[in-house]
2 protein chains.
Amino acid sequence: MNRFMEQFMKSGYKLTRPRRLLLERLEDLDRPFTAEELYEMMNREGIGRATVFRTLKLLLDIGILVRVHLEEGCQHYQLAAGLPGEDHHHDRIICRFCGKITDLDECPMRNDVAAIAKRSGYRLQGHHLDLYGICSRCDADNQKSH
Amino acid sequence: MNRFMEQFMKSGYKLTRPRRLLLERLEDLDRPFTAEELYEMMNREGIGRATVFRTLKLLLDIGILVRVHLEEGCQHYQLAAGLPGEDHHHDRIICRFCGKITDLDECPMRNDVAAIAKRSGYRLQGHHLDLYGICSRCDADNQKSH
DNA sequence: ACAAAAATGATACTTTGTATCAATTGGAGG
DNA sequence: CCTCCAATTGATACAAAGTATCATTTTTGT
């Protein structure tokens, strides 16, 4: 009976075998995962597709999981508890030509977050910044072909 | 024969009836659209599903379209020419509890873009910033239920 | 231990595409 | 202008990622 199971029952849901197994697996999953990845794990223990997807939805409702939005195969899930407060972010530049992704070393939002939280009234937990452009290499290649 | 059709033929592709019709529709579409939306339009003129998706892919390759990444139903397409340079952006705060979305009135990135472009070597065209948190209302509701 | 309510899993269906392939068409060259 | 053939099309079947239905099973309050 881990912390997720308690939270689950407190929310008024029954703790069944499939749910118990799923919540056990969840403890190890510190990185974002897709529904399909989770389904494959659970299916090896005989748990059906519908149940996995239904349980994912419940966990989102309860707040144990959050959806994170990654460019590639964009529906991912992540433990809400794994989000380290305002430090959770994901900042990068994507080349619209070749798709190359460069992660930003420094977060351009670091000085703005507190002010935005104050003005907006939100308690901020993190962010996701995608800059779009043309990388230097593609830019050079395009110049040549003119 | 509009600018898209010229660019299409210059790239070595045949300008067929379905493609001509699709490129005509494209001229009006200034907002992001999904493949499905485009398919519905084209299908009314008797153009097949496969052709619409194939042509979309070609237009991405050629650079007439870019994919934009919106949270809701995340695969959208947009005219590359419609992107207004560095002014193209989309900044907002999303409540992880109720899903409420608040658009930011001022762009927190406005002062950082030039420096990032310089350091990264990318020619920046726009960005997309999602802040995540709990809105004041959900935050208050959660306090109460403890 | 029992009954009611909740949850399950098999199955069929939906949505958003992709692969196949026989039939058609655009356009380069004569 | 006409012909030919590679490129393209659309019908169809298939795939991946879910969702809806419903008869059966499991939990839990008493």
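Just so it is clear: chains get the letters A, B, ... in the order the sequence lines come, proteins before strands, and each one is counted from 1.
Atom pair A/Met5:CE and D/dT28:P shows a separation of 13 Å (rounding to whole Å applied). The distance from atom CG of A/Leu21 to atom C1' of C/dT8 is 13 Å, rounded to the nearest whole Å. When the P atom of C/dG9 is taken as reference, atom CZ of A/Arg19 falls 10 Å away, rounded to whole Å. In this structure, A/Leu56 atom CG and C/dT8 atom C1' are separated by 16 Å, rounded to whole Å. B/Leu38 places its CG atom 13 Å from the P atom of C/dT16, with the value rounded to the nearest Å. Rounded to an integer number of Å, the gap from A/Asp61 CG to C/dA7 C1' is 16 Å. Regarding B/Ile47, its CD1 atom lies at a distance of 15 Å from the C1' atom of D/dA11, rounded to whole Å. Going from atom CD of B/Glu45 over to atom P of D/dG10 covers 12 Å, rounded to whole Å.
The closest side-chain donor-acceptor pair between A/Asp91 and A/His127 falls under 3.5 angstrom. Between the side chains of A/Thr34 and A/Tyr77, no donor-acceptor pair of N or O atoms lies under 3.5 Å.
The pair B/Glu40-B/Arg44 fails the salt-bridge criterion, with no side-chain N (NZ, NE, NH1 or NH2) lying under 4.0 Å from an Asp/Glu carboxylate O.
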Would you mind building the protein contact string for nucleotides 18-30 of chain C? One character per nucleotide, 5' to 3', B for base within reach (heavy atoms under 4.0 Å), S for sugar-phosphate only, - for untouched. SBB-----BS---
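Side chain of B/Arg123 to backbone of A/Cys135: no donor-acceptor contact under 3.5 angstrom is found. Without hydrogens or angle criteria, B/Asn43 side chain to B/Gly46 main chain gives no donor-acceptor distance under 3.5 Å.
If you run salt bridge (charged side-chain N to carboxylate O under 4.0 Å, His left out) between B/Arg92 and each of B/Asp103, B/Asp105, B/Asp130, only B/Asp130 comes through.
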